[in-house]
Amino acid sequence: QVQLVESGGGLMQPGGSLRLSCAASGRTLSSYSMGWFRQAPGKEREFVSAISWSGGITYYADSVKGRFTISRDNAKNTVSLRMNSLKPEDTAVYYCAVASNSYSAYGLRDEYNYDYWGQGTQVTVSS
């Protein structure tokens with residue numbers, strides 16, 4: 001069983017930055033792809049970013065490309081999401097997740113391909 005715990009959310013003004021972290025326990029995740037998703041009030045959960053097991057390949061939703069950066073530290077069993085130039089539309093609960101199987105870039109954008117999820121951390125962007 002894998003437990004994921006997100007942290008780093010909070011309230012930030014537009015244009016500001018936040019760094020989300022996701023700490024995993026229960027299993028070494030160095031062989032698995034990991035992703036970040038978000039869900040805004042009244043909306044479906046959507047893909048934000050994903051990273052391959054080695055960290056060498058990253059994927060981003062068009063809405064965050066160039067502003068967000070995903071990274072991982074396999075030695076520490078963590079994955080992070082650096083969020084710059086935040087916008088009000090980035091307001092959501094952010095979730096990290098683990099994909100136990102190997103998927104294409106397209107597959108990693110599908111939340112149903114992820115097996116373990118954290119409880120989420122709230123990010124609010126407002127002046």
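All figures in this text were calculated on a predicted structure; none of them were measured in a lab.
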[X] side chain vs [Y] backbone, donor-acceptor pair below 3.5 Å:
X	Y	value
Arg82	Thr69	no
Ser54	Gly56	yes
Asn84	Gly16	no
Glu6	Cys96	yes
Asn74	Trp53	yes

side-chain hydrogen bond (donor to acceptor under 3.5 Å, both in side chains) contacts in which one or both residues fall within residues 91-108, not counting sequence neighbours: Arg38-Tyr94, Ser100-Asp115
Common cluster, Leu108/Leu29, ILVMFWY with side-chain heavy-atom separation under 4.5 Å: no
Transitive ILVMFWY side-chain link Tyr59 to Val48, under 4.5 Å: no
Interatomic spacing from [atom1] in [X] to [atom2] in [Y] - rounded to 0.5 Å:
X	Y	atom1	atom2	value
Asn77	Ser25	CG	OG	8.0 Å
Arg67	Ser85	CZ	OG	6.5 Å
Met12	Ser127	CE	OG	13.0 Å
Arg72	Cys22	CZ	SG	10.0 Å
Ser33	Ile57	OG	CD1	8.0 Å

Do [X] and [Y] have side chains that get closer than 4.5 Å, going by heavy atoms?
X	Y	value
Ile70	Trp36	yes
Leu4	Val98	yes
Leu20	Val123	yes
Thr58	Ser52	no
Glu46	Gln39	no
Arg19	Ser71	yes
Ser126	Leu11	yes

Listed partners of Phe37 passing ring-ring contact (aromatic ring centres under 6.0 Å, His included), at least two apart: Phe47, Tyr114, Trp117
ring-ring contact (aromatic ring centres under 6.0 Å, His included) partners of Tyr60, counting only residues at least two apart: none
Thr78-Asp73 side chain donor-acceptor pair, cut-off 3.5 Å: no
Pair Asp90 + Lys87: basic N to acidic O under 4.0 Å: no
Minimum-distance pair of heavy atoms, taken over all atoms of Ala92 and Ala40: CB-N, 3.8 Å
Glu89, CD atom: more than 12 neighbouring heavy atoms under 6.0 Å: yes
